[in-house]
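Following: one structure in C-alpha cells, then a few remarks.
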Amino acid sequence: MRVTTSFPLGTLRDTPSEAEIISHQLLLKAGYIRRVNSGIYAYMPLMLRVIEKISTIIEKELNNIGCTKLLLPQLHPADLWKKSERWEGYTAGEGIMFNLKDRQGKEFGLAPTHEEVITSIASETINSYKQLPQCFYQIQTKFRDEIRPRFGLMRSREFIMKDGYSFHSSENDLASFYEKVGNAYENIFKSCGLQTVGVEADSGAIGGASSKEFMVTADAGEDSILFTQSGSYAANIEKAVSLPTQPKPLKDNIPEWLETPHQKTILEVCENNNLDPSQTIKVVIFLAQFEGDFYVPILACIRGDQHINEVKLFNLINKLHHLNLLNLKKIEDKNTIEKNLVDLPLGFIGPDLDNKTIKACSNWEKEWTRIIDHSASDLSKFISGGNKVNFHKVFQEFSFDSNDYLIGDIRNAKKGDKISIYDHEELKEKKGIEIGHIFQLGQKYSEKLNAKFSDKDGQLKNLWMGCYGIGVTRIAQAAIEQNHDQKGICWPIQISPFEVIIIPTNLKDPIQSDLTEQIYNNFLTNKIDVLLDDRNDRAGVKFKDAELIGIPFQIIIGRDSINNEVELLCRTNNTKLKISTDKLLETFISESEIMYNKKS
RNA sequence: CGGGGCGUGGCGCAGCUUGGUAGCGCGGGUGCUUUGGGAGCACUAGGUCGCAGGUUCGAAUCCUGUCGCCCCGACCA
C-alpha cells in the first residue's frame, strides 16, 4: 500500500489534550482513531488493519477448537430480553443498554451482549444431543451506555467484541469445553504478542457459576489483580478471598460506654480512645433496590480495619431474594434518610440497630437485613457504635449466631493478606486491563428462554451454556499500553497494521526511486504486508511518522542505493542492518520470523 | 449523579482580570530553494471565539441560562 494514493496518515504533531493515558494519546496522535463523540470513535485505515489482524488470530484459534462464526443482529426486541428477565435491569436506572422504540411504539435495545438472541436461535435449531456440543461466535460492534466512557477504546460506548456461546448436553461437557476455550484464549493473546494473566473473576450481570478473566497487566488498567508470586493464586480484587490479619486483643479495663463526641469515623474513635481499628466493628448501611420497586435496607458489618467489597455484598444480597437486585447504594443522602428513617445515629450505628429506626410510612422493608463479615463475626468482644449519638459501646460476649444475622464474606482482600493458614505467601497487587472473560453460564438462559434438547434417554432437558468474550478494540489499545516508547507505538508484529514500511529518503533521486519501486514490488509479490511512504517529504518527517505509527521494520533507501545497499531497521530494539538489495527479502523474512516466533 | 477543569481555524494554545470588531506555533495551499531526523524564504486560504439570552454605542472578554467535552469519584464489565 502506498501512503500517497491510499489514505492520509493523519498523524498529529501535538498530543490531543483530551487523552490522558499513553495508549489513548498514541492512538490519536498516530492517526489510528478519531473521536466522534464521548466514547464513540472512528477506526481509521491503519486501525482497521490492526482490528483485522487480531480478528484473524482469534478466528484461527477458535476454529481450531470447533467453533463456528456467524453474525447476529444488533437491534434486539425487548420481548426477548424480558424473557430472560434482563430488560429492566439493563435499561432502567443506570442500565447499560441503549434502547429505543420503533414507529409502532415497539421497544428495542441495541445489543450490549447476545445471550438472549443466540439462546433463542439455539433452541430452534438444536433438537437433539446428537447435535451437541455447538459453539458459535461473532466479531461485531457492541453498544453499551457506559456511565463514564473513558481512556479512548478502553471503555467506549461502541466497541468491537468477539463473543462466543457454546451449548452442551451436560455440565461436564460444558466444563471441559470451558477449559478448552481458556487454552485457546491463552494462545490468542500470546499470538497477539501480549502478556496476560488469567484470574478468577466475578461474573457480574452476565451471571453463571464460574468465570475467568484475562488481564493485560498495565498501570493504566481499571481493574486490580491480587496474586501470589508463585502463581498459585490470582484473582480480580472483586472476587479475591483472603485471610485478614489477626486482630489486636481488646484490653479488659475499658468501660462499657465510651463517650465519643463527633467521632464518626473508626479512625477518629481509635485515635481519641487509644484503640486499634481491628478491635472495632464498622457498620455501613446500604439500600438494595430490587425489581418491581422493592427496597430492602441493609446493615453491613465488618471489622474496623477491613473494607467492604460491594460486589461480594451485591452478590450475597442478590441470592437472598427471588427478585433481581438492580442496585445497591450506600445510604447517605439526607433526603432519603429523613424520608425513610427515624432517630438514626449516623456515625454511631452498632450491629444491633433497632428495626424501629425504619419509619412505618416508608416503602422499604421494615427490618434491617444484617450482614456480618467473618472478620466481624469472629470477634466476641469489640467496640462499635452505641446506637446513640456521640457514644460507642463495648460489646462483651456478643454473638452473631441468631437468625437476625447473616454471616458471609463481604470483605475486600488486599495486598499483604495471606490466602490460607497453610500458605505463607502474601498477596501482591497489580493493575490490569480486562481483555477477555469466559463464563460457565449453566442453564440460566436456557431455562428462561426454554431452550431444550432431547437427551439420549428421550427426555427434554435444558441446554448447558457457556459464553466467551474478547474485547478486540481493547486488545489493540492494551497492546500499545504494553508496547510503546518515547517515539511512539511499537506494535508486536503479529497485530501491526504493516510488517514493514519502506522509506525512500529522496524520491527525486532516480536511482532511489527506481530501487524503491523494485523493492516494493518484490515485497508485494512475496505477500509481505508492506507500506510504502512515497510522500515527497523530507526524510526526517518520514522517520518520525514511521516511529510514531509503530511499524516493526523499516527499510530505508538512501545514499547507499547507488551501491545497491539499503538499511533494515528494527523498531523495537533499534538495530540497523546494512544489506545489499539482493539479500534484502531473504534477510527480512528471517528477521521477521524471529520476531513472530518470539511469543512473549 | 457529586467534585474539579475546559470549550477561540484540522491540532496545541494565548487573548478575558481592566469590553473597542481575533492572535501565536504546528498543520494546509502555491512558488522557489533544500533533501538521512518533524527544512528555509515569499505569498496564501481557513474562525459568526460551543449555543441562547441579557448589559452596553460596542462583548471572545461582563451577567444569566444552556449544551458539550475531559479528569476524579459514585458506578459499570
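Here the structure is a predicted model, which is why all the values come from computation and not from measurement. Within every chain, numbering begins at 1; the chains are lettered A, B, ... in the order of the sequence lines, protein sequences first and strands thereafter. All heavy atoms count here, side chains included; hydrogens, waters and symmetry mates do not.
Regarding contacts with the backbone of B:C13, a side-chain N or O of A:Ser17 is found under 4.0 angstrom from either OP1 or OP2. One finds no side-chain N or O of A:Arg13 lying less than 4.0 angstrom from the OP1 or OP2 phosphate oxygen of B:C11. Taking side-chain N and O atoms only, A:Arg538 has a distance below 4.0 Å to OP1 or OP2 of B:A39.
Distance, A:Asp202 CG to B:C76 P: 11 Å, rounded to whole Å. Atom CZ of A:Arg150 and atom C1' of B:A74 are 10 Å apart (whole Å). Following rounding to the nearest Å, A:Asp14 (CG) and B:C26 (P) show an atom-to-atom distance of 10 Å. Rounded to whole angstrom, the span from the CD1 atom of A:Ile33 across to the P atom of B:G10 amounts to 19 Å. The separation between A:Asn536 atom CG and B:G28 atom C1' is 16 Å, rounded to whole Å. At whole-Å resolution of the value, CZ in A:Arg155 and P in B:C72 are 12 Å apart. Between the CD1 atom of A:Ile147 and the P atom of B:G73 there is a distance of 14 Å, given to the nearest Å. Across the protein-nucleic acid pair, A:Leu287 atom CG and B:C75 atom P stand 13 Å apart, rounded to whole Å.
For the pair A:Glu481 and A:Ile22, the tightest heavy-atom approach, listed with the atom from each and the gap, is OE2-CG2, 3.3 Å.
As rounded to the nearest Å, B:C26 and B:A22 have P atoms that lie 22 Å from one another. Comparing the same atom, C1', in B:A42 and in B:U66 gives a spacing of 47 Å after rounding to whole Å. Going from the P atom of B:A45 to that of B:U55 covers 37 Å, rounded to whole Å. Rounded to whole Å, the separation between the C1' atoms of B:G3 and B:G46 comes to 39 Å. B:G53 and B:A59 have their C1' atoms separated by 13 Å, given to the nearest Å. The P atoms of B:C11 and B:G50 are separated by 14 Å, rounded to the nearest whole Å. To the nearest whole angstrom, the two P atoms, one in B:G9 and one in B:G15, are 15 Å apart. Rounded to whole Å, the separation between the C1' atoms of B:C51 and B:G7 comes to 11 Å.
Salt-bridge formation is not detected for the pair A:Arg411/A:Asp409: no Lys NZ or Arg NE/NH1/NH2 atom is positioned less than 4.0 Å from an Asp or Glu carboxylate oxygen. By the 4.0 Å N-to-carboxylate-O rule, A:Lys578 lies close enough to A:Asp560 to be salt-bridged with it.
In this structure, A:Tyr137 has its ring center at least 6.0 angstrom away from the ring center of A:Tyr468. The six-membered or imidazole ring of A:Tyr445 lies away from that of A:Tyr165, with a centre-to-centre distance of 6.0 Å or more.
Under the Watson-Crick or G-U wobble criterion, with both distances below 3.5 Å, B:C62 is paired with B:G54. B:C1 is paired with B:G73 under the criterion used here, namely a Watson-Crick or G-U wobble arrangement in which both key atom distances are under 3.5 Å. The partner of B:C41, taking Watson-Crick or G-U wobble pairs whose two distances both stay under 3.5 Å, is B:G31. B:C11 is paired with B:G25 under the criterion used here, namely a Watson-Crick or G-U wobble arrangement in which both key atom distances are under 3.5 Å.
Distance from the side chain of A:Ile556 is smallest for B:G36 among the nucleotides B:G36, B:U34, B:G38. Of the candidates B:C76, B:C70, B:G37, the closest approach to any side-chain atom of A:Glu547 belongs to B:G37.
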(request) Show your working on salt bridge (charged side-chain N to carboxylate O under 4.0 Å, His left out) between A:Glu146 and A:Arg157 and close with a plain yes or no. (result) CA-CA 6 Å; A:Glu146 293 287 350; A:Arg157 297 194 287 178; over 6 Å; no
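When heavy atoms are screened at a 4.0 angstrom cut-off, A:Phe151 is found touching the sugar-phosphate backbone but no base atom. At the heavy-atom level, A:Gln554 lies nowhere under 4.0 Å from the strands shown. Within the nucleic acid shown, A:Glu222 has no heavy atom closer than 4.0 Å to any nucleic acid atom. Within 4.0 Å of A:Arg148, counting heavy atoms only, lies at least one base atom of the nucleic acid. Counting any heavy atom pair closer than 4.0 Å across all strands shown, A:Ser38 reaches sugar-phosphate atoms only and no base atom. Note on A:Lys142: nothing from the nucleic acid sits closer than 4.0 angstrom, heavy atoms only. As judged by a 4.0 angstrom heavy-atom cut-off over every strand, A:Ile503 is placed among residues making no nucleic acid contact.
Each of A:Glu18 and A:Asp223 has a nearest nucleotide on RNA chain B; the 5'-most of these lies closest to A:Glu18. Both A:Asn37 and A:Lys330 sit near RNA chain B, but only A:Asn37 has its closest nucleotide nearer the 5' end.
Between A:Lys312 and A:Lys239 the shortest side-chain heavy-atom distance does not fall below 4.5 Å. By the 4.5 Å heavy-atom criterion applied to side chains, A:Ser55 and A:Val472 are counted as neighbours.
Contact annotation: side chain of A:Asp545 to base of B:G38, donor-acceptor pair present below 3.5 Å.
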